[in-house]
Amino acid sequence: MNTRHKYTKVLYTNKAEGNLPQLVIAENENLQSKFVVQKVLELREQGIPLEEIAVLFRSSFLSFDLEIELAKANISFRKYGGFKFIETAHVKDMIAYLRVLENPRDVVAWNRILLLIDGVGPRSAEKIIEDILHRRADTSISDFWKDFNRYPHSVTELFELLKSISTDKFPPAEKASRIITYYHPMMKKKFDDHTKRKKDLEMFEQIAERYKDVSAFLTDLALEPPNESIADVEAPGSDDEHLTLSTIHSAKGLEWHSVFLIYALDGRFPSLHSVNDMDELEEERRLMYVACTRAKENLFITYPINIYDRESGTILTKPSRFLEGLDDKLLEPWVIDEE
Amino acid sequence: MKKYTIKKPVDALHVVHPQRFQIDYKNELNKAQYDAVASVNGPHLVIAGAGTGKTRTIVYRVAYLVELGVKPEHILLLTFTRKASQEMLRRASILLDYRCEKVSGGTFHSFANLVLRKYCNLIGYERNFTILDQGDAEDVMNLIRTRLKLDTRDRRFPRKETLYDLYSRSVNTVTSLSDLLNVDYPHYLEDLQDIQKVHSLYEEYKKSHHLMDYDDLLLNLIKLLQQHEPVRAELSSRYKYIMVDEYQDTNKLQSEMVNLLTYKHKNIMVVGDDSQAIYAFRGATIRNILEFPDQFKDCNIIKLEENYRSTQSILNVANEILKRALD
């Protein structure tokens, strides 16, 4: 018996030919986000409501940078098929470390990171925080991190870390990287799916690379109030307009006037590990098909280049293999130019 | 001597002649959709490309069968969400009349529940068995984990959510625990035996308390149908026409259910799109839809290819992506 792999089909329509779908190359991830933001605003100007526009991606973490840019541009969105970046527990933890570095009297952040330490409960956390607040009320930030020695080793370890990275010598990405190294064992204990979450933190570090100082980074992250989306999703018939961000899986069966597919980058879509398994690779291809067939009028496929992949130690620069070599007359290549 | 054979009556069908139908099916549907809708007896596979009016086709076929004279309660429509079947039957009722509301519709799980409530004593359950939802099932996992003292501080052992996820996926995909661990939680491979122990105690716990989790609903229905021919015969004659939506997303247990339920008549129409099979990680297997013609000989394959959603430019790209898929 021959193994069947597919039923051949060719879709056709009586609708007009329409605009050519675009394959947009972006020099880096942030430019990709900026492209989407600007195009969304343009489409809206043309009278396409945000409800009729969606941004799709292979994995939830691929939209993190875009989420920050959308918040900056005041474009409200709902995300499906994954948590919003800053709502995830591990990203909240990362932000808490940075907040303490920035403002050592941030009680809420202290509480969060102290409770992460094995053996520190709410009561001992409170004591340490009191201590921090009282004893150090008169010190300048540079002196703040000196002489923390009378706590258990696990707590001292945290202080040592914070002290070592408190200097402005380190850019935000380096600080994030050291915090991740420190935090990783805790994350392993806290979450069974820590391998997936590690990817999120790599993304966090990658985004941090764009910032010169921690405070600007934190401001951008805080621009979007974390709780907003939950209330949003619950409110029925709420008439505020919003853009849809969705994983391809969660977009199945739906359609929009204009669809953006971001991170159509080989190594991210398909992901590097799926390329070794024929069945998985074929499933990735079908995902690409599902993504493209969500669009009614406009389809923008974007991919950033120069993305460093930690696992393989390579730099990803090619468009998804499912699109590579497609005729220019089918999929129009575009580059982004900055003013 | 010459022989003249009287044909076996086909279940009092065609009482109403198609020319006297209330709905003008030929006009309201495109050619392929009409072919699907007007396919009645035997196995049919409808490959519905993206945006080709799949839901519309199912709705019209329900109406068509009812107009033909099939009793609504002899039709079974299985979908992936309750909402989907309700919506389709509601639309069919508006299209034709109230009769379509009497069609049996639901998810694989709700259907299994319905049948098991009636016959579960045959396989050793009491009729008032309780269904564990995901949260309940996780709580039971936790209980067992604690009883076995696997939740100590100095040892990292999977959480209740992970324990249940592993259990459910190994049942649904008929995959061994060690294979699942290897792929998703390699750091727990050394705990294999303890996890297995939790799982087998979980099964005992369910059995002794008359509990079924979601997977049990399917497993037990299959068991019931396999072991009790009279029940299988009764159900197969009651549900004379079975339709399944999103067939590309079914798992091994669900296709087995379909096989058992249709064994008498083979009047089965499955609808789906192999190109949109993207749920392997949840246990779905694309083999079900690809091998349907092998499972059901003389199956009639109908392809819906006219798209009502996208511009041709967009479809050209989509087609090109598919063209490169493995043949």
Side-chain angles (χ1 to χ4, degrees), chain A residues 1 3-21 23 118 188-189 191-196 248-249 252-253 255 259 278-299 301 320-323 325-327 329-332, chain B residues 45 47-52 54-55 84 153 156 158-159 161-163 165 184-188 246 248-249 273-282 286-287 289-294 301 303-327:
Chain A
M1 190 168 73
T3 313
R4 191 198 302 270
H5 293 288
K6 68 176 179 188
Y7 294 100
T8 307
K9 67 178 93 55
V10 179
L11 296 177
Y12 64 93
T13 183
N14 287 319
K15 281 177 76 167
E17 196 64 29
N19 300 326
L20 270 190
L23 180 62
D118 234 3
K188 266 180 155 169
K189 281 199 161 181
F191 308 106
D192 281 350
D193 58 348
H194 57 83
T195 28
K196 272 185 212 149
I248 301 168
H249 281 102
K252 206 177 154 208
E255 57 181 33
V259 168
M278 197 190 74
D279 286 343
E280 270 187 52
L281 191 63
E282 287 306 303
E283 181 134 330
E284 296 282 310
R285 188 192 310 278
R286 295 192 292 267
L287 266 174
M288 179 64 84
Y289 170 76
V290 169
C292 294
T293 51
R294 299 308 97 201
K296 293 196 267 189
E297 300 290 332
N298 293 320
L299 175 61
I301 304 177
S320 170
R321 65 189 61 199
F322 308 132
L323 303 170
L326 239 71
D327 196 317
K329 285 177 202 117
L330 284 183
L331 187 60
E332 203 170 42
Chain B
L45 167 61
I47 299 293
T52 55
K54 181 189 66 149
T55 305
R153 266 191 158 270
R156 184 77 185 125
R159 285 158 188 279
E161 294 85 358
T162 312
L163 288 168
D165 171 60
D184 291 328
Y185 307 97
H187 46 292
Y188 287 135
E246 306 273 19
Q248 79 282 353
D249 291 335
D273 183 0
D274 56 304
S275 309
Q276 293 186 69
I278 53 175
Y279 283 112
F281 69 95
R282 268 191 346 205
I286 192 175
R287 307 300 334 154
I289 195 165
L290 295 179
E291 285 161 13
F292 186 82
D294 306 319
I301 302 177
K303 291 181 193 170
L304 307 186
E305 293 172 302
E306 180 171 0
N307 175 292
Y308 296 93
R309 177 186 294 153
S310 314
T311 61
Q312 191 61 49
S313 301
I314 290 169
L315 295 179
N316 290 342
V317 170
N319 284 333
E320 196 59 30
I321 291 166
L322 283 193
K323 211 166 112 186
R324 299 158 158 220
L326 205 62
D327 271 315

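Basis for what follows: all heavy atoms, side chains included, without hydrogens, waters or symmetry-related copies.
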Below 4.5 Å from any heavy atom of chain B, which atoms of A:N298 appear? Answer side chain, backbone, both or neither.
backbone
Distance col, row B:E305:CD vs A:Y12:OH, nearest 0.5 angstrom, shows 7.0 Å
B:T55, part contacting chain A, at a heavy-atom distance under 4.5 Å
neither
Shortest non-hydrogen contact from A:T8 to B:K303?
O-NZ, 2.6 Å
Under the side chain to side chain donor-acceptor pair (under 3.5 Å) rule, what do B:E306 and A:N14 come out as? Steps first, then yes or no, please.
CA-CA 8 Å; B:E306 180 171 0; A:N14 287 319; 2.9 Å; yes
Check whether B:E246 gets within reach of chain A through its side chain, its backbone, both or neither, counting any heavy atom under 4.5 Å.
side chain
Does one side chain, of A:K9 or B:S275, offer a donor that lies under 3.5 Å from an acceptor on the other?
yes
Atom group of B:D249 that falls short of 4.5 Å from chain A, counting heavy atoms:
side chain
Scanning both residues in full, the closest heavy-atom pair of B:R159 with A:D192 reads N-OD2, 2.7 Å
Can you confirm whether B:I314 sits close enough to A:T293 that some side-chain heavy atom of one is under 4.5 Å from a side-chain heavy atom of the other?
no
I'd like to know if the side chain of A:T13 and the backbone of B:N307 have a donor-acceptor N/O pair within less than 3.5 Å.
yes
Could you check if a side-chain atom of A:R286 sits within less than 4.5 angstrom of a side-chain atom of B:I286, using non-hydrogen atoms only?
yes
Shortest non-hydrogen contact from A:L11 toward B:G49:
CD2-CA, 4.0 Å
Which bit of B:K323 is near chain A, if near means a heavy-atom gap under 4.5 Å: side chain, backbone, both or neither?
backbone
For each of B:T162, B:L290, B:L45, tally heavy-atom pairs with chain A at distances under 4.5 Å, and name the one with the top tally.
B:L290
How many angstroms lie between atom CG of B:N319 and atom OH of A:Y289, to the nearest 0.5 angstrom?
7.0 Å
Once rounded to the nearest 0.5 Å, what's the spacing between atom CD of B:Q276 and atom NZ of A:K252?
6.0 Å
Under a 4.5 Å cut-off applied to non-hydrogen side-chain atoms, are A:E17 and B:N316 in contact?
yes
Contacting moiety of A:N19, where chain B heavy atoms sit under 4.5 Å
backbone
Between CG of A:L287 and CD1 of B:I278, what distance do you get to the nearest 0.5 Å?
5.0 Å
Checked A:H249, A:M288, A:K196, A:M278 vs chain B; the most non-hydrogen pairs under 4.5 Å come from A:H249
Give, as side chain, backbone, both or neither, the part of B:Y279 having an atom under 4.5 angstrom from any heavy atom of chain A.
both
Closest non-hydrogen atoms of B:I289 and A:Y7, given as atom of the first, atom of the second and distance, are O-OH, 2.7 Å
Nearest non-hydrogen partners of B:V317 and A:L330, listed with the distance
CG2-O, 3.5 Å
Qualifying residues under ring pair (Phe, Tyr, Trp, His ring centres under 6.0 Å), relative to A:H194, sequence neighbours excluded
B:H187
Please classify the contact between B:Y308 and chain A as side chain, backbone, both or neither, with a heavy-atom cut-off of under 4.5 Å.
backbone
Can you name the salt bridge (Lys or Arg N to Asp or Glu O under 4.0 Å) partners of A:R294, sequence neighbours left out?
none
Quick one: are A:L326 and B:R324 in side-chain contact, heavy atoms under 4.5 Å?
yes
Just give me the residue among A:E255, A:R285, A:E282, A:K188 that pairs up with chain B most often, heavy atom to heavy atom, under 4.5 Å.
A:R285
Chain A shares the most heavy-atom pairs under 4.5 Å, among B:A280, B:A325, B:P293, with B:A325
Atom CD1 of B:I47 and atom NZ of A:K6: how far apart are they, to the nearest 0.5 Å?
12.5 Å
Under 4.5 Å from any heavy atom of chain B - which part of A:V290:
side chain
Which region of A:A295, side chain (C-beta onward) or backbone (N, CA, C, O), has a non-hydrogen atom less than 4.5 Å from a non-hydrogen atom of chain B, or is it both or neither?
both
Look up atom OG in B:S313 and atom NZ in A:K329, then write down how far apart they are to the nearest 0.5 Å.
14.0 Å
Full working for side chain to side chain contact (heavy atoms under 4.5 Å, CB included) between B:T311 and A:E297
CA-CA 6 Å; B:T311 61; A:E297 300 290 332; 3.5 Å; yes
